[in-house]
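See structure below.
No experiment lies behind these values; they were computed from the predicted model shown.
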Amino acid sequence: MKKLAYIITISILISNCDDNNCYIQDIYVNELVNLNNTTVASSATPGNSMFIEGGVEGIIIYHGIGEDYKVYDRNCSYESCLPCSYIDSLNSGIAYCGCCESAFLLYNEGSVLNAPALLPLKAYNWSLDNNILRIFN
């Protein structure tokens, strides 16, 4: 009986520990964004960023200099499996997660500006053809 209680206790502790499956999921992304669209055009100015649908928690588009864009998933890289773990605000090329208070530099490959996150934001590939931004993985 004592052995059974020990096994049950260990099983509960193991199931409550951090899950190794807490990572940003790999899902299919193939989004087309018309940069001439009036809702997108205001964010098409260099230095601006915006949220769109897609990805795991949504997608962030940052417009760099000229025709350079950076595209990331909104899922925060710190404890990404939590329901609140997503980028909820953007300001001057910096993305903020209100859940863990991490901050990321959008113009610098989504690198971490403020802990507790240690990993950059998940980046997506993009291509530009006649003001149509294609976001894909």
Side-chain angles (χ1 to χ4, degrees):
M1 187 67 173
K2 196 173 190 180
K3 198 180 226 182
L4 180 61
Y6 177 74
I7 290 172
I8 291 172
T9 303
I10 295 297
S11 297
I12 291 171
L13 289 174
I14 289 173
S15 67
N16 287 336
C17 288
D18 267 348
D19 188 343
N20 287 337
N21 293 326
C22 189
Y23 59 91
I24 299 174
Q25 301 170 17
D26 286 324
I27 65 169
Y28 178 73
V29 173
N30 188 21
E31 302 290 334
L32 298 175
V33 179
N34 184 345
L35 298 177
N36 289 329
N37 184 323
T38 55
T39 59
V40 176
S42 63
S43 296
T45 305
N48 286 347
S49 50
M50 63 177 288
F51 296 133
I52 65 165
E53 301 274 326
V56 178
E57 291 288 343
I59 292 175
I60 303 166
I61 300 173
Y62 173 78
H63 186 182
I65 297 171
E67 292 185 351
D68 181 42
Y69 290 87
K70 308 279 188 204
V71 183
Y72 308 99
D73 200 285
R74 283 182 69 178
N75 206 168
C76 180
S77 63
Y78 182 74
E79 295 185 342
S80 59
C81 55
L82 295 176
C84 65
S85 187
Y86 61 90
I87 302 304
D88 55 7
S89 65
L90 304 167
N91 188 6
S92 300
I94 301 173
Y96 299 94
C97 175
C99 186
C100 70
E101 299 183 11
S102 292
F104 303 87
L105 296 171
L106 296 177
Y107 54 85
N108 190 22
E109 309 305 324
S111 62
V112 177
L113 174 64
N114 186 43
L118 300 174
L119 299 173
L121 294 173
K122 180 178 182 168
Y124 290 115
N125 299 312
W126 63 273
S127 64
L128 185 62
D129 185 25
N130 292 325
N131 284 327
I132 301 296
L133 183 68
R134 178 176 172 240
I135 301 166
F136 60 98
N137 55 357

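- Here the straight-line distance linking atom CD1 of Ile94 with atom CD1 of Ile87 works out to 11.5 Å at 0.5 Å rounding.
- Hydrophobic clustering, with ILVMFWY side chains joined whenever heavy atoms are under 4.5 angstrom apart, keeps Phe51 apart from Val71.
- The CG atom of Asn130 sits 11.0 Å away from atom CG of Leu35, with the distance rounded to the nearest 0.5 Å.
- Rounding to the nearest 0.5 Å gives a distance of 5.5 Å between CD of Glu31 and CD1 of Ile52.
- Side-chain contact between Val40 and Ile61: absent, with no pair of heavy atoms (C-beta onward) separated by less than 4.5 Å.
- Going from atom CG of Leu121 over to atom CZ of Arg74 covers 11.5 Å, rounded to the nearest 0.5 Å.
- Between Gly110 and Tyr72, the closest heavy-atom pair is N-OH, 3.0 Å.
- Within the model, atoms CG of Asn37 and CG of Asn131 stand 11.5 Å from one another, a figure rounded to the nearest 0.5 Å.
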Could you go through Asn137 and Asp26, starting from their C-alpha distance and side-chain angles, then the distance that decides it, and tell me whether this counts as side chain to side chain contact (heavy atoms under 4.5 Å, CB included)? CA-CA 9 Å; Asn137 55 357; Asp26 286 324; 5.8 Å; no
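- No path of Ile, Leu, Val, Met, Phe, Trp and Tyr side chains, each step under 4.5 Å between heavy atoms, connects Leu106 with Leu119, placing them in separate hydrophobic clusters.
- Nearest approach of His63 to Asp68, heavy atoms of both residues: CD2-O, 3.5 Å.
- Under the 4.5 Å side-chain heavy-atom criterion for grouping Ile, Leu, Val, Met, Phe, Trp and Tyr, Leu90 is connected to Phe104 within one hydrophobic cluster.
- Counting non-hydrogen atoms of other residues, nucleotides and ligands closer than 6.0 Å to CD1 of Ile27 gives a total above 12.
- Under the 4.5 Å side-chain heavy-atom criterion for grouping Ile, Leu, Val, Met, Phe, Trp and Tyr, Tyr124 is not connected to Tyr62 through any hydrophobic cluster.
- Not less than 2.5 angstrom separates the SG atom of Cys76 from that of Cys100.
- In this structure the side chain of Leu105 reaches within 4.5 angstrom of the side chain of Ser111, judged on heavy atoms.
- Between atom CG of residue Leu82 and atom CG of residue Asn75 there is a gap of 9.5 Å, rounded to the nearest 0.5 Å.
- Environment of CG in Leu32: crowded, with over 12 heavy atoms of neighbouring residues, nucleotides or ligands closer than 6.0 Å.
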Using side chain to side chain contact (heavy atoms under 4.5 Å, CB included), reason through Ser127 and Phe136 one step at a time and then give a plain yes or no. CA-CA 9 Å; Ser127 64; Phe136 60 98; 4.1 Å; yes
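- The aromatic rings of Tyr69 and Trp126 lie perpendicular to each other, with more than 60° between the two planes, well past the 30° mark.
- For the pair Lys70 (side chain) and Ala123 (backbone), a donor-acceptor distance under 3.5 Å is absent.
- For the pair Glu57 and Asp73, the minimum side-chain heavy-atom distance is below 4.5 Å.
- The hydrophobic cluster containing Ile24 does not contain Ile60, counting ILVMFWY residues as joined when their side-chain heavy atoms lie under 4.5 angstrom apart, directly or transitively.
- With hydrogens and angles ignored, the 3.5 Å screen pairs a side-chain donor or acceptor of Ser85 with a backbone N or O of Tyr78.
- A pairwise comparison of heavy atoms in Ser102 and Ala117 identifies OG-N, 3.0 Å as the closest pair.
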